[in-house]
Amino acid sequence: MNTSRRQDNFTDAFSKNFITFALGLIINCINGAFVYTYFKGQIFHRDPRYVLYIHLVINDMIMLTASVALHIITYTTHLNMAQCCIMLFILVTTNKNSPLNLAGMAVERYIAVCRPLHHVHICTVQRAHALIALIWTVSFILALTDIIIILATQHLSVFSRTVICYTSSVYNTSYHKTQRLVIEVLVFAFIFLTLIITYLKVLCAARTVSGSDQASARNARNTILLHGVHVLICMLTFVFPFINLILVTTWPRDRTKILFTSYLFSNVLPRLLSPLIYGIRDKKFSSHIRLHFCRNCCNSLEKRGNLI
């Protein structure tokens with residue numbers, strides 16, 4: 001997020017908030033269409049693959065809503081430390097959920113291809129729900145550690161202090177920096193190892209099978225590869241601060257523009273990836289979307305015709 005947003009004049013501030021709100025609304029509407037399709041189609045409720053997918057979409061919607069709300073709020077009012085910690089807690093939790101959910105989806109595809117006879121028994125809807133609960137618990141604990149460090153190192157009066165609501169400004173102790181580095185390294189090492197192992201296993205399986213099984217294995221391999229790309233894009237949140245430092249040092253006069261562009265590409269636009277990467281390329285999901293929305297359009301046109 002842009003730490004210098006209060007330095008903008010009214011026109012720049014209005015433009016940035018309008019762009020952020022418009023993009024957030026459009027992306028949430030697209031994601032909402034996939035959520036609507038999921039809950040309308042009973043066939044998706046019985047498949048753990050789609051349960052994990054729709055959890056990823058809903059998580060992105062929560063994260064985007066909180067991120068856009070925080071962006072607009074910091075332009076319009078002052079936040080104290082307590083209010084800021086609540087907003088950051090939601091953002092950090094949902095931000096951790098996405099890569100962990102992608103790792104779970106990759107494991108499910110690996111079992112479907114490499115252990116097809118056991119897939120029905122291992123990958124059940126109940127276990128998918130249990131995995132989602134585990135993901136939220138892990139992310140919740142990781143996000144809570146930042147607040148625990150503040151409670152352990154600072155006086156309670158700090159929560160009434162007005163702050164610039166930005167992660168590096170609020171969680172700025174040496175303990176926070178060490179904790180953040182350790183957690184990011186461990187979490188993403190675990191996720192990338194999971195993706196690499198499942199990808200290689202599925203790649204080997206794709207070479208040994210033939211016919212329709214080979215097509216299924218190839219599709220699973222491509223899906224896991226896309227999971228890896230998605231995780232890399234999720235990591236932009238951690239890479240952009242270093243990019244911003246280089247760019248702002250090179251072009252100090254364009255500081256606010258650089259930070260705002262960085263915010264859009266690291267926090268807003270990646271939330272559109274879930275429907276584009278997984279929803280549209282999935283034939284079953286895309287066909288149900290066309291079916292539901294074409295039916296709704298026909299119904300609305302029919303009602304207008306009856307009124308006329």
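Quick note: numbers below take in every heavy atom, side chains included, and nothing from hydrogens, waters or symmetry partners.
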Let me have the donor-acceptor pairs involving side chains of residues 152-159, under 3.5 Å, with sequence neighbours excluded, atom names and distances please.
unit_1 : atom_1 : unit_2 : atom_2 : d
T153   : OG1    : I149   : O      : 2.7
H155   : ND1    : S157   : N      : 3.1
H155   : ND1    : S157   : OG     : 3.1

For residues 130-164, which residue pairs qualify under disulfide (SG to SG under 2.5 Å), counting only residues two or more places apart or in two chains? none
What residues, two or more places apart in sequence or in another chain, satisfy side chain to side chain donor-acceptor pair (under 3.5 Å) together with T194? none
Linked, directly or transitively: V187 and Y175 (ILVMFWY side chains, under 4.5 Å): no
Going by ring-ring contact (aromatic ring centres under 6.0 Å, His included), name the pairs with one or both residues in residues 94-116, residues two or more places apart or in two chains. none
Just so I know, are the side chains of I132 and V51 near enough to count as touching, which here means a heavy-atom distance under 4.5 Å? yes
Does the side chain of T74 come under 3.5 Å of the side chain of Y166 through a donor N or O and an acceptor N or O? no
What salt bridge (charged side-chain N to carboxylate O under 4.0 Å, His left out) pairs are there with at least one residue in residues 70-87, not counting sequence neighbours? none
Going from CD1 on I191 to CD1 on I196, what distance comes out if it is rounded to the nearest 0.5 angstrom? 12.0 Å
Test question: given the 4.5 Å side-chain rule for I, L, V, M, F, W and Y, name all other residues clustered with L181, or answer none. V185
Give me the ring orientation class for F192 and F188: parallel if the planes are under 30° apart, tilted from 30 to 60°, perpendicular past 60°. tilted
Residues which pass side chain to side chain donor-acceptor pair (under 3.5 Å) with T173, listed by chain and number, not counting sequence neighbours: H176
Results of side chain to side chain donor-acceptor pair (under 3.5 Å) for S15 - residues two or more places apart only: none
Quiz question: by atom type and distance under 3.5 Å, do the side chains of D12 and T256 form a donor-acceptor pair? no
Name all pairs fulfilling the side-chain hydrogen bond (donor to acceptor under 3.5 Å, both in side chains) condition that reach into residues 115-127, sequence neighbours left out, sorted by first residue then second. E108-H119
List the residues meeting side chain to side chain donor-acceptor pair (under 3.5 Å) with Y199, not counting sequence neighbours, and say none if there are none. none
Of Y53, F39, Y50, the one forming a side chain to side chain contact (heavy atoms under 4.5 Å, CB included) with F44 is Y50
Extract all donor-acceptor atom pairs below 3.5 Å that involve side chains of residues 79-94 and protein atoms in other chains or at least two apart in sequence.
unit_1 : atom_1 : unit_2 : atom_2 : d
N80    : OD1    : A82    : N      : 3.1
N80    : OD1    : Q83    : N      : 2.8
Q83    : OE1    : N80    : N      : 3.2
T93    : OG1    : F89    : O      : 2.7
T94    : OG1    : I90    : O      : 2.8
T94    : OG1    : L91    : O      : 3.1

Do any pairs count as a salt bridge (charged side-chain N to carboxylate O under 4.0 Å, His left out) and have a residue in residues 56-81, sequence neighbours left out, and if so which ones? D60-R271
